Amino acid sequence: RQLSDYPLAVGDDVDKVPIIDYFNKNYSKGIKENNIIFTHSSTQAFSFIMEAILDYGDVVLITAPNYGLFSFIPERVGGRVRLLELTSLDDWKINPKKLKELITEINNELKLDYDINRGKYIFRRSDYSPKVSVFVHFNPHNPTGVVYGQKDKSLLLEISNTCKEAGVFVIDDLAYAGLEYDRNNLAMSICSLEGHFDNTITLYTLSKAYGLAGLRSGMVIANEIVISLIRDRVFQASDSLSILQSSAMATIFSPEESVQKAREKYSAYITKEYYRRYIFIKSVIDGVNILNKTEKNILENIIKKNKLSIDINKSMNGIKDVEIILKPESGFFVLLDLSKMLEKSYKGFKICNDKTLLQFLYTSGNIKLLTGNAFCWRDHNQLVVRVTYALEYADLLNSFLRFKSSIESLT
């Protein structure tokens with residue numbers, strides 16, 4: 001590789017060859033060089049896509065809860081964000097009927113506002129009224145950990161058909177693909193569904209599933225027009241990208257059997273580790289008596305293998321007023337409901353919202369976590385937080401026992 005040469009803005013063709021072979025073998029048929037472009041990250045890719053396809057006043061639909069960083073990027077380019085709420089009634093998955101109704105409702109609102117208040121849209125490039133232009137789909141989902149796999153194919157078809165009929169692009173964010181606990185139910189890409197490639201913009205990154213956040217390596221798979229628009233943004237922003245990023249992506253997505261076996265071996269190992277860590281913190285939060293036989297065996301093996309000095313009866317008897325909202329199917333996050341802490345006090349300081357909860361946890365135990373406002377939790381009567389378990393066991397134990405101690409100090 002000629003490191004003395006500047007790479008092209010569209011990306012190095014040498015790195016695209018294995019990716020093309022991999023995708024044609026495993027996912028979408030007929031992907032070519034002009035369907036691939038590399039970026040510094042999936043977040044940068046999302047920003048470029050917003051600049052490329054959003055007109056002033058257009059709406060981007062994102063599920064709630066969500067990856068909070070994506071929720072304000074459209075506003076930088078004159079777009080607006082609306083939220084599609086996920087609920088336990090739908091097993092925390094997208095309800096296509098609700099999606100269709102929300103798209104119709106928003107489009108009607110936008111058309112009416114455009115007709116009445118045309119002056120508000122002076123920066124709009126087209127003469128058409130604003131509309132819902134994009135729906136962002138996370139698979140596996142951040143922060144719920146829900147996976148849309150082969151068993152959800154019909155649901156994914158409904159979601160994609162709903163968007164396609166309404167002229168709405170689907171951005172399929174597969175940042176956590178590879179971290180599914182059930183290795184027989186892997187995240188299914190919408191672009192792999194026959195007839196749905198052109199309406200889907202697929203995002204990949206090496207940051208999450210492969211622990212390579214420092215490489216800042218992202219990739220977009222889409223139709224040629226979308227890719228050409230992103231290429232223009234890459235060229236204007238930085239001329240081109242580091243060849244290290246595209247080379248890393250090409251290595252991960254190599255179609256060679258030995259590479260695919262190595263990748264699956266790694267994925268099976270890392271997902272098993274994350275699931276074991278989930279069981280570990282579940283033992284602290286819910287209490288060891290709540291665990292089933294398999295989970296208790298996992299906990300015993302963890303304690304023995306890691307030589308943890310721990311009094312199970314004292315440390316793992318549950319944390320009062322803390323509930324796990326749903327069992328994650330992937331990743332390294334879990335959502336906790338702390339609503340029972342509302343109106344409780346710490347040394348005269350009362351907890352009444354996300355901000356005061358953060359202040360209490362940081363002051364009482366040097367605890368930092370993500371509260372509901374940061375990931376668009378819709379029920380404002382709840383105190384919901386996202387916590388990570390991507391830590392060593394000793395650090396996890398120390399952190400959650402500090403958390404437990406803080407909770408117990410409330411009156």
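Source: prediction; values computed, not measured.
Atom OH in Tyr278 sits 8.0 Å away from atom CD1 in Ile285 (nearest 0.5 Å). One distance of note links OG of Ser399 with NZ of Lys368; it measures 9.0 Å at 0.5 Å rounding. How far OG1 of Thr371 is from CG of Leu336: 12.5 Å, rounded to the nearest 0.5 Å. To the nearest 0.5 angstrom, Ile190 atom CD1 is 8.5 Å from Leu174 atom CG. Note: Ile94 CD1 to Asp90 CG = 10.0 Å, rounded to the nearest 0.5 Å. Here the CG-OG1 distance, from Leu193 to Thr200, works out to 7.5 Å after rounding to the nearest 0.5 Å.
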Full working for side chain to side chain donor-acceptor pair (under 3.5 Å) between Asp337 and Gln382 | CA-CA 7 Å; Asp337 188 348; Gln382 284 183 296; 3.1 Å; yes
Would you please test Val288 and Asn317 for side chain to side chain contact (heavy atoms under 4.5 Å, CB included) and show each step?
-> CA-CA 6 Å; Val288 70; Asn317 58 356; over 6 Å; no
Dump the intermediate steps for side chain to side chain donor-acceptor pair (under 3.5 Å) on Thr104 and Asn107, then the final yes or no.
-> CA-CA 5 Å; Thr104 301; Asn107 282 343; over 6 Å; no
Show the numbers, then the answer: is there a side chain to side chain donor-acceptor pair (under 3.5 Å) between Lys296 and Asn289?
-> CA-CA 9 Å; Lys296 286 181 179 178; Asn289 292 331; 5.2 Å; no
Take Ser283 and Leu299, measure what side chain to side chain contact (heavy atoms under 4.5 Å, CB included) needs, and give me the verdict at the end.
-> CA-CA 8 Å; Ser283 305; Leu299 177 62; 3.6 Å; yes
Can Val384 and Leu338 be said to form a side chain to side chain contact (heavy atoms under 4.5 Å, CB included), step by step?
-> CA-CA 6 Å; Val384 174; Leu338 311 185; over 6 Å; no
Under the side chain to side chain contact (heavy atoms under 4.5 Å, CB included) criterion, do Thr144 and Lys93 qualify, and how do the steps go?
-> CA-CA 10 Å; Thr144 64; Lys93 292 185 178 180; over 6 Å; no
Determine, stepwise, if the pair Glu158 / Lys97 fulfils salt bridge (charged side-chain N to carboxylate O under 4.0 Å, His left out).
-> CA-CA 9 Å; Glu158 278 192 82; Lys97 182 180 178 181; over 6 Å; no
With side chain to side chain donor-acceptor pair (under 3.5 Å) as the test, would you mind laying out the steps for Asp172 and Ser189 before giving the verdict?
-> CA-CA 7 Å; Asp172 202 17; Ser189 63; 5.2 Å; no
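Atom CD1 of Ile225 sits in a sparse spot, with 12 or fewer heavy atoms from other residues, nucleotides or ligands closer than 6.0 Å. Sparse packing is recorded around NZ of Lys347, with 12 or fewer heavy atoms of other residues, nucleotides or ligands lying under 6.0 Å away. At most 12 non-hydrogen atoms from other residues, nucleotides or ligands lie less than 6.0 angstrom from OH of Tyr362. When the shell of 6.0 Å around CD of Glu256 is examined, it contains 12 or fewer heavy atoms from other residues, nucleotides or ligands.
Classification of the Phe70-Tyr67 ring pair by plane angle, with boundaries at 30° and 60°, yields perpendicular. Relative ring orientation between Tyr269 and Tyr266 is described as tilted, the plane-to-plane angle lying within the 30° to 60° band. Ring planes of Tyr176 and Phe332: tilted class, angle from 30 to 60°.
Ion pair Arg80/Glu75 not flagged as a salt bridge, since none of the NZ, NE, NH1 or NH2 atoms sits closer than 4.0 Å to an Asp/Glu carboxylate oxygen. Using a 4.0 Å cut-off between a side-chain N of Lys or Arg and a carboxylate O of Asp or Glu, Lys282 and Glu295 qualify as a salt bridge. Of the charged side-chain nitrogens involved, none lies within less than 4.0 Å of a carboxylate oxygen, so that Glu224 and Arg231 do not count as a salt-bridged pair. The pair Asp58-Lys131 fails the salt-bridge criterion, with no side-chain N (NZ, NE, NH1 or NH2) lying under 4.0 Å from an Asp/Glu carboxylate O. By the 4.0 Å N-to-carboxylate-O rule, Lys261 lies close enough to Glu257 to be salt-bridged with it. Arg277 and Glu273 are joined by a salt bridge, as a carboxylate oxygen and a charged side-chain nitrogen come within less than 4.0 angstrom of each other. At a threshold of 4.0 Å, the pair Asp115-Lys111 counts as salt-bridged, since one of the basic side-chain nitrogens sits closer than that to a carboxylate oxygen. At a threshold of 4.0 Å, the pair Arg76-Glu51 does not count as salt-bridged, since none of the basic side-chain nitrogens sits closer than that to a carboxylate oxygen.
Counting heavy atoms from C-beta outward, Lys350 and Phe360 have side chains that stay 4.5 Å or more apart. Counting only heavy atoms from C-beta outward, the side chains of Val60 and Ile62 approach each other to under 4.5 Å. Using a 4.5 Å cut-off on side-chain heavy atoms (C-beta onward), Met316 and Phe280 make contact. The side-chain heavy atoms of Val136 and Phe138, taken from C-beta on, include a pair separated by under 4.5 Å. For the pair Lys340 and Lys320, the minimum side-chain heavy-atom distance is 4.5 Å or more. Contact check for Phe135 versus Phe169: no side-chain heavy atoms found under the 4.5 Å cut-off. Looking only at side-chain heavy atoms (C-beta outward), Leu369 and Leu358 come within less than 4.5 Å of each other. A 4.5 Å side-chain heavy-atom check between Val168 and Leu61 finds every atom pair outside the cut-off.
Geometrically, Arg386 engages Phe333 in a cation-pi contact, judged by NZ or CZ lying under 6.0 Å from the ring centre and within 45° of the ring axis.
Between the side chains of Thr63 and His137, no donor-acceptor pair is found at a separation under 3.5 Å. If you check the side chains of Thr205 and Ser42, you find no donor sitting under 3.5 Å from an acceptor.
Aromatic ring centroids of Tyr204 and Phe23 lie under 6.0 Å apart. Two rings, from Tyr121 and Tyr114, have their centers less than 6.0 Å apart.
In this structure, the side chain of Asp15 engages the main chain of Ser247 through a donor-acceptor pair within 3.5 Å.
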